[in-house]
Peer 1: 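Okay, handing you the structure first.
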Amino acid sequence: MSFEPVLLRNRGVPDVQRLEVYRQRGGYRALEKALQMSPAEVVQVVKDSGLRGRGGAGFPCGVKWTFLPKDHPGPIYLCVNADESEPGTFNNRILMEEDPHQVLEGIIISAYATRATTAYIYLRYEYGRCYRTMQRAVDEAYGAGLLGRNVLGRSDFHLDVYLHRGAGAYICGEETGLIESLEGKRAWPRIKPPFPAVEGAFRKPTIVNNVETLACVTHILDRGADWFKSIGVPPDPNNPRDLGSYGPKLYCISGHVNHPCCVELPLGVTARQLIEEHGGGVWKGRKAKAVVPGGISMGFLSESELDTPLDFNGPTKVGCLGLGTAAVIVIDDQTSMVDVLYNACRFFSHESCGQCTPCREGTEWMTKILARIRRGQGELSDLDQLLEIANGIGITPGTTICGLADGAAWPVKNALTKFRAEFEEYIRHHGRHHDQR
Amino acid sequence: MAILTEAMREKIRAYLPRYPSKQAVVLPALHVVQDELRCVPLEAVREIAEMLDLHPAQVQDTLSFYGFFRDEKHPLGRKRVWVCRSLSCMLRGGEDLLRDLSARLGVKPGETTPDGQITLEFAECLGQCEDAPCLMIEDEVHGPLTTEQALELLKRTEEAS
């Protein structure tokens, strides 16, 4: 069966950012369908579809919605996580820039399902074009009665949507960090429970969903849960915790490929397929040495692991943290993994919010040790030291509040397991001279 | 002497109905001030706090968490230029672009050229990895760019403003 893209189906259509053009192409039909159902029925459809969150954790979207307290007097908030900051990830930017009404339609349907009356789109500051495109779409939607009081004439459905710009902090993509930031505070993630669905923004029940997840909701309502489930990969019978990987996914391909791009494909394509069939192959006729499967926090696939299916289950089978954001970064065989790992560690050290000591100190020390190795002053024992730090920070060992440190630790663990010989070789030859820190 | 103009206050007040708490307006207010003044002076922190019924320390606390905001000793130049140094850009020359621009402009990341035109910064992933290496001028990302193309773009941006 040939795959028909839906999330990117309007890409490149002239003026599709305008409401009128979006509607001509079938836009807001899904919303009308949803409004003929009860909110609980909409939740059920999304649950039945098996849609899992596209932001990185892969939590089932419909299940998350059912965590909201029943018969809550309100207000209930919907926070749209548009803080996309994971290195290598740009799929949400493309959705918002190129088809803002598709995202907005998903927001309106999801607000209806969750009985949210206000939705905040928390948008990273760097997405200036998205900000202006989304704001125009929101303004148009208000003008057309799709937002505000009595959405599409429904006396029982009111919704306000506001854009809220961030200020350059990766941690705001963590859902409780996002909520703290929205509330005007430093973005320190909260201890859970309570989960946001019980007590979130402004101490009210809150659902936080990723942009692509909400865009998927639009199509699930339009085409049905069965359609969504006909795409992707069913649960692995050998893994009782796997919930399946259904639906289309936007894969980002960057780094050492001939054609860096964002493509929509069924969940479960392999890294090799992405590189060869969509990224134009590894650049300069070289080979891939390592591939990041889903944003740098997920770790690395080695060359021999490139046939791993990139679904929610696949990357964990080869020791990666997960699918993450499905942002694939290709590293060619001329690149030093020491440089790559230093770059990853420096990122997390810069972006650690500083709340939990193991993360604040651990990410900094890993960066310093790698800088020392790069200066040619590394020792073989540094590698065990790096692993010891990496194994001690994060939710996995239970030493931090949020998963940032797990994401910082995983590239270190993977690199020092899968590419250890290269690190040892580097240290033995006293590294190479680098003039930068 | 008040540092927030009436126009700035009006913009800040317009955010209040969007949120159930006044504190939620801190980030929007800081953006309003920095957009206008190219920094957030301490006096503006005090006045924002007063507008939002907060203690100045609460506003300062938020401000200092986000490396984005500048105090009055470190105001931004007319254009803020961020060069991405994260992995996707690094693999395609992002660190070289940052180093070369730094050398050609004669400033370190974080500093402003003596003529007050350009503040150079390093950025972590700008989310435009298909155009690596990329840089951002104010809030628009451009790429892929060589050092020469970047300097040309900065020159054009300077002339246009």
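Keep in mind that this is a model prediction, so the values were computed, not measured. Order of the sequence lines sets the chain letters (A, B, ...), proteins ahead of strands, with each chain counted from 1.
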Peer 1: Which atoms of A/A344 are under 4.5 Å from chain B, going by heavy atoms: the side chain, the backbone, both sets, or neither?
Peer 2: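 Neither part, no heavy atoms under 4.5 Å.
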Peer 1: Is it the side chain or the backbone of A/L341 that comes within 4.5 Å of chain B heavy atoms, both, or neither?
Peer 2: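 No part of A/L341 comes within 4.5 Å of chain B.
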Peer 1: Taking all non-hydrogen atoms of both residues into account, name the closest pair between B/L87 and A/I296 and its distance.
Peer 2: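 Closest approach of B/L87 to A/I296, heavy atoms only: CD2-CG2, 3.4 Å.
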Peer 1: Which bit of A/Y125 comes within less than 4.5 Å of chain B, counting heavy atoms only: side chain, backbone, both or neither?
Peer 2: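 It is both, since atoms from each part get that close.
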Peer 1: Do the side chains of B/K22 and A/E183 get close enough for a salt bridge, i.e. N-O under 4.0 angstrom?
Peer 2: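 Judged by the 4.0 Å cut-off on N to carboxylate O distance, B/K22 and A/E183 do not form a salt bridge.
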Peer 1: Mind checking whether B/F65 and A/K185 have side chains closer than 4.5 Å, heavy atoms only?
Peer 2: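 Sidechains of A/K185 and B/F65: no contact.
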Peer 1: Do NZ/NE/NH1/NH2 and the carboxylate oxygens of A/R124 and B/D139 come within less than 4.0 Å?
Peer 2: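 Judged by the 4.0 Å cut-off on N to carboxylate O distance, A/R124 and B/D139 do not form a salt bridge.
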Peer 1: How about CD on B/Q149, more than 12 heavy atoms from neighbouring residues, nucleotides or ligands closer than 6.0 Å, or not?
Peer 2: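 More than 12 heavy atoms, drawn from other residues, nucleotides or ligands, come within 6.0 Å of this atom.
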Peer 1: At a 4.5 Å cut-off on heavy atoms, which part of A/E351 comes close to chain B: side chain, backbone, both, or neither?
Peer 2: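 Just its side chain gets close to chain B.
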Peer 1: Relative to chain B, which segment of A/C261 carries a heavy atom at a distance below 4.5 Å: side chain, backbone, both, or neither?
Peer 2: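 The answer is the backbone of A/C261.
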Peer 1: If you count heavy-atom pairs under 4.5 Å between each of A/T89, A/I253, A/V340, A/N91 and chain B, which one has the most?
Peer 2: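 Heavy-atom pairs under 4.5 Å are most numerous for A/V340.
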Peer 1: Decide side chain to side chain contact (heavy atoms under 4.5 Å, CB included) for A/D339 and B/M90; before the verdict, give the C-alpha distance in whole Å, the side-chain angles of both, and the deciding distance to 0.1 Å.
Peer 2: CA-CA 10 Å; A/D339 292 349; B/M90 175 273 229; 4.0 Å; yes
Peer 1: Hey, does the side chain of B/H31 reach the backbone of A/G166 with a donor-acceptor pair shorter than 3.5 angstrom?
Peer 2: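 Checked: pair present.
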Peer 1: Is a donor on one side and an acceptor on the other found under 3.5 Å between the side chain of A/R346 and the backbone of B/R85?
Peer 2: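 Yes.
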Peer 1: Compute whether any side-chain donor of one residue and acceptor of the other, for B/Y66 and A/S181, lie under 3.5 angstrom apart.
Peer 2: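 Judged by distance alone, the side chains do pair up.
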Peer 1: For a 4.5 angstrom cut-off between non-hydrogen side-chain atoms, does B/P28 reach A/Y162?
Peer 2: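 SC-SC contact between B/P28 and A/Y162 ruled out.
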Peer 1: Indicate yes or no: does B/D61 engage A/R186 in a salt bridge with an N to O separation below 4.0 Å.
Peer 2: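 A salt bridge links B/D61 with A/R186.
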Peer 1: For A/W283 and B/L91, run side chain to side chain contact (heavy atoms under 4.5 Å, CB included): C-alpha distance rounded to whole Å, both residues' side-chain angles, the deciding distance at 0.1 Å, then the answer.
Peer 2: CA-CA 11 Å; A/W283 76 348; B/L91 293 170; over 6 Å; no
Peer 1: Which one wins on heavy-atom pair count under 4.5 Å against chain B: A/A167, A/P87, A/G128?
Peer 2: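 Highest number of heavy-atom pairs under 4.5 Å: A/A167.
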Peer 1: For a quick check under 3.5 Å, do B/Y19 and A/H164 share a side-chain donor-acceptor pair by atom type?
Peer 2: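 Per modelled atom types, B/Y19 and A/H164 side chains form a pair under 3.5 Å.
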Peer 1: At their closest point, which heavy atom of A/Y127 faces which heavy atom of B/L126, and how far apart are they?
Peer 2: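 For A/Y127 and B/L126, the tightest heavy-atom pair comes out as CE1-O, 3.4 Å.
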Peer 1: So for A/C172, is it side chain, backbone, both, or neither that comes closer than 4.5 Å to the heavy atoms of chain B?
Peer 2: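 For A/C172, the contact with chain B is made by the side chain alone.
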Peer 1: How about CZ on B/R13, more than 12 heavy atoms from neighbouring residues, nucleotides or ligands closer than 6.0 Å, or not?
Peer 2: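 Counting other residues, nucleotides and ligands, CZ of B/R13 exceeds 12 neighbours.
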Peer 1: Are A/Y122 and B/L27 close enough that some pair of their side-chain heavy atoms sits under 4.5 Å apart?
Peer 2: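 Heavy-atom side-chain distance check passes, below 4.5 Å.
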Peer 1: Counting only heavy atoms closer than 4.5 Å, note whether B/P133 contacts chain A via side chain, backbone, both or neither.
Peer 2: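 For B/P133, neither part sits under 4.5 Å from chain A.
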Peer 1: For A/I329, is it the side chain, the backbone, both, or neither that has a heavy atom closer than 4.5 Å to a heavy atom of chain B?
Peer 2: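 Interface part for A/I329: side chain.
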Peer 1: Can you name the nearest heavy-atom pair linking B/S88 to A/G88, along with the distance?
Peer 2: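 Smallest interatomic distance, heavy atoms only, reads OG-CA, 3.5 Å.
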Peer 1: Between A/A187 and chain B, with a heavy-atom cut-off of 4.5 Å, which part of the residue counts as in contact: side chain, backbone, both or neither?
Peer 2: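 Its backbone and side chain both get close to chain B.
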Peer 1: Rounded to the nearest 0.5 Å, how far does CD of B/E130 lie from OG of A/S254?
Peer 2: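 Rounded to the nearest 0.5 Å, the OG-CD separation comes to 8.5 Å.
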Peer 1: Are the side chain of A/R129 and the backbone of B/E140 linked by a donor-acceptor contact shorter than 3.5 Å?
Peer 2: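 Pair absent, no side-chain N/O of A/R129 close to backbone of B/E140.
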Peer 1: Salt bridge check, A/D160 against B/R18: does any charged N sit closer than 4.0 Å to a carboxylate O?
Peer 2: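 Here B/R18 does not pair with A/D160 in a salt bridge, since their nearest N and O are not under 4.0 Å apart.
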Peer 1: Only pairs of heavy atoms separated by less than 4.5 Å count here; which of A/R132, A/K204, A/H259 has the most with chain B?
Peer 2: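 Among A/R132, A/K204, A/H259, the one with the most close pairs to chain B is A/R132.
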Peer 1: Ion pair present between A/E126 and B/R80, side-chain N to carboxylate O less than 4.0 angstrom?
Peer 2: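 Salt bridge between A/E126 and B/R80, a charged N being under 4.0 Å from a carboxylate O: no.
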Peer 1: Taking the side chain as everything from C-beta on, heavy atoms only, tell me whether B/E124 gets closer than 4.5 Å to A/Y170.
Peer 2: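 Contact flag for B/E124/A/Y170 side chains = no.
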Peer 1: Find the one option among A/D332, A/V292, A/L182 whose heavy-atom pairs under 4.5 Å with chain B are most numerous.
Peer 2: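 Going by pairs under 4.5 Å, I would pick A/L182.
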Peer 1: Find the distance between OG (B/S86) and NE2 (A/H350) and round it off to the nearest 0.5 Å.
Peer 2: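 Here the interatomic distance stands at 9.5 Å.
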Peer 1: Measure across A/F90 and B/G127 and return the closest heavy-atom pair with its distance rounded to 0.1 Å.
Peer 2: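 Where A/F90 meets B/G127 most closely, the heavy atoms are CB-O, 3.1 Å.
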Peer 1: So what's closer than 4.5 Å to chain B heavy atoms on A/V330: side chain, backbone, both or neither?
Peer 2: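 For A/V330, the contact with chain B is made by the backbone alone.
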